Asks: 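Have a look at this one.
For clarity, every value in this text was computed on a predicted model and none was experimentally measured. Each chain gets a letter, A, B and so on, in the order its sequence line appears, and its residues count up from 1.
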There are 2 protein chains.
Amino acid sequence: MTHSRDELLKQLRVRGARLTIQRRLVLDILLDGNDHLSVQDIQAQVTQRGADLTETTVYRILQWLKNLGFVSQTDLGQRGVVYELIGSPRHHHLICLNCGGVIEVGDGLFEELRDHVRRDYDFEPRIDHMAIFGLCQDCGNQNISGE
Amino acid sequence: MTHSRDELLKQLRVRGARLTIQRRLVLDILLDGNDHLSVQDIQAQVTQRGADLTETTVYRILQWLKNLGFVSQTDLGQRGVVYELIGSPRHHHLICLNCGGVIEVGDGLFEELRDHVRRDYDFEPRIDHMAIFGLCQDCGNQNISGE
DNA sequence: TTCCTAATTGCGAATTATTCTCAACTGCGA
DNA sequence: TCGCAGTTGAGAATAATTCGCAATTAGGAA
């Protein structure tokens, strides 16, 4: 997986995809956005660049890129669903169920799990951008009431 | 964590929760349902038992039990969101992005990860019922077009 | 270069899942 | 038994995502 725009476009062309201006635009936005982007973030970027895509189209392009394995889609809980180009370095998140805090973690955490799944189940996991929920240090000791 | 109805009720009482008939009903349904239950599954069970809860209430009760750590909520992708009482034995799922097939796996897979997260990040992960997406053996070799 | 066609997009409505508001009700402690 | 904070019901509201179909267009063929 690469992060270079030209490489990306080339790879997509090879797969017989039509490189419409809409797709190029979303790709560029994903390439420029170093952070995770929500659909609304992408829409905002589209507007900022003087363009105009329907939400439907944005969803369709993201779905397409996701199916091809070029972008990851992650549900961060409260913070909604975010998308990002898959590329090194992979990272993941620990999200506190109580305070909502987010800890970013490296990919090393998942290497063993990945190998294990491959070896034992003949299954190729796509652990590209995982969210693990739980309680952070501070919240771990409190009593949670359920409300 | 236990699966016994009386133990569960007792633990909830201790926490100062009101044990309404609605909450009892949902708990009983979760206790009886050995499989994962969607909100609709639960609604169906409610009806089957001659009762009648609003969807709102079902959502609220599930949310409450989830916050207390008594039920897990898992997004199985195409198959929607499912809930189940947390109890031994824990299990998880590998879900094929292509064919939708589901492989059930034991909890051992996650022990190392759990320890790692606890040790390195002082974070108590709630990996109760995880869904890992990827490609199963059969689908792994096919070319995916993105459509 | 122009044409052709299947792939893609736009538009607006539909769907699905979930949450909100607020009045009515009720479990349970005093 | 009483009182009230906590809980539920009802139905609307919101948010996120998908659908259907007509119009448009990328990119290969001529």
Asks: Nearest 0.5 Å, please: how far is CG in A:L9 from OG in A:S4?
Replies: 8.0 Å
Asks: Charged N to carboxylate O under 4.0 angstrom, A:E111 versus A:R114?
Replies: no
Asks: Using a distance-only test with no angle check, is there a side-chain donor-acceptor pair under 3.5 angstrom linking A:R15 and A:Q11?
Replies: no
Asks: Using five pairs at either end of the helix from C:dT1-D:dA30 to C:dA30-D:dT1, determine the angle between the two local helix axes and round it to 10 degrees.
Replies: 30°
Asks: Looking at A:Y59, does any N or O in its side chain come under 4.0 Å of the phosphate oxygens OP1/OP2 on D:dT17?
Replies: yes
Asks: Would you please say whether a donor-acceptor pair under 3.5 Å links the side chains of A:Q48 and A:Q45?
Replies: yes
Asks: Is it true that A:R49 and A:D32 have a side-chain N and a carboxylate O under 4.0 angstrom from each other?
Replies: yes
Asks: Check salt bridge (Lys or Arg N to Asp or Glu O under 4.0 Å) between A:R24 and all other residues, then give those that pass, not counting sequence neighbours.
Replies: none
Asks: Which of parallel (below 30°), tilted (30 to 60°) and perpendicular (above 60°) describes A:H129 and A:H92?
Replies: tilted
Asks: By nearest atom, which of the nucleotides C:dT18, D:dA16, D:dG9 is closest to the A:Q40 side chain?
Replies: D:dA16
Asks: Starting at CD of A:E55 and ending at P of D:dA15, how long is that distance when rounded to a whole Å?
Replies: 11 Å
Asks: Considering non-hydrogen atoms only, spot the tightest contact between B:C139 and B:N98 and give its length.
Replies: SG-OD1, 3.3 Å
Asks: Along nucleotides 20-30 of chain D, 5' to 3', which nucleotides get a B, which get an S, and which get a -, given that the test is a protein heavy-atom distance under 4.0 Å?
Replies: B----BBS---
Asks: Taking only the side-chain nitrogens and oxygens of A:T57, find out if one of them lies under 4.0 Å from OP1 or OP2 of C:dT9.
Replies: no
Asks: Counting any heavy atom closer than 4.0 Å, what does A:D75 reach on the DNA or RNA strands: base, sugar-phosphate only, or nothing?
Replies: nothing
Asks: Would you mind reading off the distance between A:L53 atom CG and C:dT8 atom C1', rounded to a whole angstrom?
Replies: 12 Å
